[in-house]
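Report on one structure; see the data block that follows.
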Number of protein chains: 2
Amino acid sequence: MDVLLVVRRPDGGFTTKMTEWEAVMRAHVRVDTDELSAFLTAVFVARGFKADDAAFIADSLIDADRHGIASHGVQRMAMYDHKLRHGMIDPAARATLVRDDRAGAVLDGHSGMGQLVSRDAMRLAIAKAREHGIGIVAVRDSNHFGTAGFYARMAADEGLIGWASTNSNPLTVPTHSGTPALGSNPIAFAVGRGDDRIVYDAATSTVSLGKIEVLEKIGEPIPGDWAVNDDGSVEHDAARAMDNVRATPRTGGLTPLGGAGETNAGYKGYGLALVVEILTGVLSGGLLSLDMKGQHICHCFAAIDPAVFGGADAVADRVADLARRLRSLPSVDGHDVLVPGDKERAAARVNRTDVPIDQATFDQLAVIARRTGVAALHAGT
Amino acid sequence: MDVLLVVRRPDGGFTTKMTEWEAVMRAHVRVDTDELSAFLTAVFVARGFKADDAAFIADSLIDADRHGIASHGVQRMAMYDHKLRHGMIDPAARATLVRDDRAGAVLDGHSGMGQLVSRDAMRLAIAKAREHGIGIVAVRDSNHFGTAGFYARMAADEGLIGWASTNSNPLTVPTHSGTPALGSNPIAFAVGRGDDRIVYDAATSTVSLGKIEVLEKIGEPIPGDWAVNDDGSVEHDAARAMDNVRATPRTGGLTPLGGAGETNAGYKGYGLALVVEILTGVLSGGLLSLDMKGQHICHCFAAIDPAVFGGADAVADRVADLARRLRSLPSVDGHDVLVPGDKERAAARVNRTDVPIDQATFDQLAVIARRTGVAALHAGT
């Protein structure tokens, strides 16, 4: 979910460069995080949430912006507010246990807010891990939960190892197909502590749709084999790729990690997306990505107690040692060798007390403020 | 681990085509599986294994050949025999429990045969899943275990959901590095029954090294971005790519799934390889791929009891429904849309009573027969 800067070279090719995510925000404002939290909390309270739940959702969104994952942060408020106004998300819903069987459970989210359903599900997975050594909780009938990594980090914050996945609207095409049939189906995994924590969080498609949306906004082509049309041809025009997924039925989708066809093993990304679909849609008994229209999303959360493997400190020490050895490898291209989580931590250091919000999102927040009767937000910059 | 046929087009480009794996076996013989099992069992008994252990190893190798995964089948006998003769594998070693804590455990393989250590570890994971709902077993100081999918299928054969991973010699380069630092680190996952079972089994590198070895043998170039030199440049010459990993220290390696650099999200494959490294080398307290020289390999096995999620039949029914819906999607290129496991099942239908063995491997088996005093194998064709 890193933001990508795409540069057209003089020879007509493309160069991509990972940057501080502000780089693609042509016009943005910086907003104080305390003020932003109070504002978003007030909006969610106005939409029917209890104060502590509203604050939790607000802070989970700000957490994404702080970590440079703007696509899953406050930018999503327009979508959430739309779903709340149209009854697609029920602010009063509470997840209930469908099954509770030793180390495992199934929760029904009753179309509640994905962040709250997922918080409760991950807390249950953590409690089960503490009791049994490992816990796994599948969830059905939830909603968008933000970033998967947020929930994996919840487990790591308590000294455990965390896993989180979700299905979604159909976006990823199976190998040899041009029909989106699986979600972006991310896998998140977190282990360790401090600056050496590993936080892996990635869609099993080549990129998440948000990256193509960013390219469409800034009028740049897609530099890699990220999207296909429904005839299987690779689409490098970001606007056309977005049109494909906005059409009903969709006229194209995202390639699985590894790309279109078999040359660079796209069947592996397809298979991983399918594994996530089984852990989420199948195990929960909920809706498959194939049948999804923005609602009734399924998740899966797992936690492992490192006590089984020598204790939290011993595991974290070994993770830190591995991370440092990987970072110390010589670079072949001038970009540092990193471990998953490093970029997001670097962003969080920049965004400690305020976060950048793109102007379009800031304007949307003003509309939401008027609709909900909440005092408008002030930009710091 | 499918075998790939690479065709140079008249325009100088390359076309790849997945085929029955016999297609790349320019010279092969077919061998009766009962006879092959008896022969391999006798060889392993001669090398110091108990009869039932010897038969288990033999059948696990034949199982790979039967499923079309020749790279991990009888072709590996020369490597195993070399390690047995040089004391790198101890035929008398038995895995012992280092830790046994609720749903989790750590085993020490004491440099035993990877297949036997892994069989015992997966049986323990299955027993723990039956007791706790889910079980996870990390293993250190083992050896090559064959295909990861074999152990994931062990769980599925008992109506559970299976996961298996292993680390290995350093092969995969982290993003922005040209230094192999992670193994091919496969993920295997199996769920369901019969012809609709999903069996995902894939290295987190773009391809396993075996595919490049096959291209070297048949003198064909690498059609995708599978390998890099130590300066980060992509290497399409299969012989040079193999030379890179034969050198000490290695002068290049495999790209992570997603390829070199960031354009097609190679950092995702790198991250997945790192997740596997943590589940195997870190959780077991064993050797990391970074430090590995063909021995002391680490694995991780997990099993989930589907009773938690509605029962084996309900889960298998939902998996079958999903598999059938995916297979029914229109193809964009004339190749059927499949689910992971379909190709291997198709191969197994062809290889029910005999399996193809390439001539070089057949000749190596004759050498091993002489060395161990076992009567030589007969070719059926």
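Everything numeric in this text was worked out from a predicted model, so none of it was measured. Quick note on labels: first sequence line is chain A, next is B, and so on, each numbered from 1.
Here the shortest heavy-atom pairing between Thr263(A) and Trp226(B) reads O-NE1, 2.7 Å. Scanning all heavy atoms of the two residues, the minimum distance from Tyr267(B) to Tyr200(A) falls at O-CE1, 4.5 Å.
Between chain A and the residues Gly192(B), Ala323(B), Gly285(B), the largest count of heavy-atom pairs under 4.5 Å involves Gly285(B). With respect to chain B, the highest number of heavy-atom pairs below 4.5 Å among Ala265(A), Ser177(A), Pro306(A) belongs to Ser177(A). Contact tally against chain B (heavy-atom pairs below 4.5 Å) for Ile187(A), Val191(A), Leu338(A): the top residue is Leu338(A). Chosen from Thr206(A), Leu283(A), Asp333(A), the residue pairing most often with chain B at heavy-atom distances under 4.5 Å is Leu283(A). When Gly334(A), Ala181(A), Gly310(A), Pro340(A) are compared by the number of non-hydrogen pairs under 4.5 Å with chain B, Gly310(A) comes out ahead. Ranked by heavy-atom pairs under 4.5 Å with chain A, the list Ser233(B), Gly133(B), Gly135(B) is led by Gly133(B).
Only the backbone of Thr175(A) comes within contact range of chain B, with at least one heavy atom under 4.5 Å from a heavy atom of that chain. The contact between Ile198(A) and chain B is made entirely by side chain atoms (from C-beta outward), counting heavy-atom distances below 4.5 Å. Of the two parts of Ala105(B), only the backbone, made up of N, CA, C and O, holds a non-hydrogen atom closer than 4.5 Å to a non-hydrogen atom of chain A. For Glu131(B), the part lying near chain A is the backbone, with the side chain staying farther off; criterion is any non-hydrogen pair under 4.5 Å. Looking at Asp336(A), only its backbone comes within 4.5 Å of chain B, counting heavy atoms on both sides. At a 4.5 Å heavy-atom cutoff, the contact between Leu288(B) and chain A is made by side-chain atoms alone. Only the backbone of Asp231(B) comes within less than 4.5 Å of a heavy atom of chain A; no side-chain atom from C-beta onward does. Interface remark: Val315(B) contributes backbone and side-chain atoms alike to the contact with chain A (heavy atom separation under 4.5 Å). Looking at Leu329(B), only its side chain comes within 4.5 Å of chain A, counting heavy atoms on both sides. Only the backbone of Ala129(B) comes within contact range of chain A, with at least one heavy atom under 4.5 Å from a heavy atom of that chain. In this structure, chain A has heavy atoms under 4.5 Å from both the backbone and the side chain of Ser331(B). Looking at Val339(B), the atoms closer than 4.5 Å to chain A (heavy atoms on both sides) sit in the backbone and in the side chain alike. Heavy-atom distances place the side chain of Pro174(B), and not its backbone, under 4.5 Å from chain A.
Looking only at side-chain heavy atoms (C-beta outward), Leu322(A) and Leu274(B) come within less than 4.5 Å of each other. Counting only heavy atoms from C-beta outward, the side chains of Leu326(A) and Tyr270(B) approach each other to under 4.5 Å. For the pair Leu272(A)/Leu272(B), a side-chain contact is recorded, criterion being any heavy-atom separation below 4.5 Å from C-beta on.
With hydrogens and angles disregarded, no donor-acceptor distance shorter than 3.5 Å links the side chain of Asp225(A) to the backbone of Asn264(B). The main-chain N or O of Thr204(B) is never found under 3.5 Å from a side-chain atom of Lys268(A) such that the two would form a donor-acceptor pair.
Between Glu262(A) and Lys343(B) a salt bridge is recorded (basic side-chain N to carboxylate O distance below 4.0 Å). At a threshold of 4.0 Å, the pair Glu277(A)-Arg325(B) does not count as salt-bridged, since none of the basic side-chain nitrogens sits closer than that to a carboxylate oxygen.
Interface with chain A: from residues 252-260 of chain B, residues Leu257(B), Gly258(B) qualify, criterion being any non-hydrogen pair under 4.5 Å.
Here the options are Asp101(A), Val282(A), Val106(A), Val98(A), the test is side-chain contact (heavy atoms from CB on, under 4.5 Å), and the partner is Phe309(B); only Val106(A) passes.
Going from atom CZ of Phe189(A) over to atom CD1 of Ile278(B) covers 5.0 Å, rounded to the nearest 0.5 Å.
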- Task: Run the numbers on Ile136(B) and Val308(A) for side-chain contact (heavy atoms from CB on, under 4.5 Å), then give the verdict.
- Result: CA-CA 9 Å; Ile136(B) 181 167; Val308(A) 176; 5.5 Å; no
- Task: Please step through side-chain contact (heavy atoms from CB on, under 4.5 Å) for the pair Arg102(A) and Asp305(B), ending with a clear verdict.
- Result: CA-CA 10 Å; Arg102(A) 299 161 290 163; Asp305(B) 184 353; 3.0 Å; yes
